[in-house]
Amino acid sequence: MIQDDDERKAVDYRYMQRYSYKETLLFYRHGLSDSTIRRKIADGTESMANTLKLMGFFKQNDAEF
């Protein structure tokens, strides 16, 4: 779903491995600023959301209600 490798790693570390935002920043401190890491997390989550939209994950079936 996420094409950029750094974005994928940041989202995986933050959400899949369930580390806090602060722990994620500390983990990725190797030459990247806080704003860059924040942007990679945001871009990665946006990419995942767009993929799920394309797959129809967020559509509601009116017959169920």
Side-chain angles (χ1 to χ4, degrees):
M1 287 190 268
I2 302 173
Q3 299 297 319
D4 185 85
D5 196 41
D6 288 334
E7 289 176 9
R8 186 179 322 111
K9 288 178 184 177
V11 169
D12 178 65
Y13 195 81
R14 171 68 175 101
Y15 295 108
M16 302 304 179
Q17 296 182 30
R18 300 174 69 184
Y19 285 100
S20 70
Y21 179 73
K22 184 176 181 178
E23 290 171 321
T24 304
L25 288 178
L26 293 173
F27 183 76
Y28 282 99
R29 276 285 164 114
H30 60 291
L32 299 176
S33 68
D34 292 355
S35 60
T36 301
I37 298 166
R38 184 179 304 117
R39 186 175 58 250
K40 290 192 178 295
I41 292 171
D43 290 347
T45 54
E46 182 179 354
S47 176
M48 286 178 52
N50 288 334
T51 301
L52 291 172
K53 284 180 196 176
L54 287 173
M55 294 171 50
F57 184 79
F58 296 115
K59 289 184 181 179
Q60 293 182 3
N61 188 352
D62 292 330
E64 293 179 6
F65 296 104

Which side-chain N or O atoms in residues 46-54 pair as donor and acceptor under 3.5 Å with protein atoms at least two apart or in another chain?
| unit_1 | atom_1 | unit_2 | atom_2 | d |
| --- | --- | --- | --- | --- |
| S47 | OG | M1 | O | 3.2 |
| N50 | ND2 | E46 | O | 3.3 |
| T51 | OG1 | S47 | O | 3.0 |

For residues 38-45, dump all side-chain donor-acceptor pairs below 3.5 Å to protein atoms at least two apart in sequence or in another chain.
| unit_1 | atom_1 | unit_2 | atom_2 | d |
| --- | --- | --- | --- | --- |
| R38 | NE | Y21 | OH | 2.9 |
| R38 | NH2 | Y21 | OH | 3.4 |
| T45 | OG1 | I41 | O | 3.1 |
| T45 | OG1 | A42 | O | 2.9 |

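Between D5 and R8 there is a salt bridge, with a side-chain nitrogen of the basic residue lying less than 4.0 Å from a carboxylate oxygen of the acidic one.
Within the structure, no pair that satisfies the salt bridge (Lys or Arg N to Asp or Glu O under 4.0 Å) test touches residues 12-28, not counting sequence neighbours.
Listed for the Y28 side chain is a donor-acceptor partner under 3.5 Å among the backbone atoms of K9.
F58 CZ: more than 12 foreign heavy atoms inside a 6.0 Å radius.
Residue L32 comes nearest to T36 through the heavy atom pair CD2-CG2, 4.1 Å, listed as atom of the first residue, atom of the second, then distance.
Transitive grouping of hydrophobic side chains (ILVMFWY, heavy atoms separated by less than 4.5 Å) brings L25 and M16 into a common cluster. L26 and Y13 sit in two unconnected hydrophobic clusters of ILVMFWY residues. Membership requires side-chain heavy atoms under 4.5 Å apart, directly or through other members.
Taking the six-membered ring where the residue is Trp, the centroids of Y19 and F27 are separated by 6.0 Å or more.
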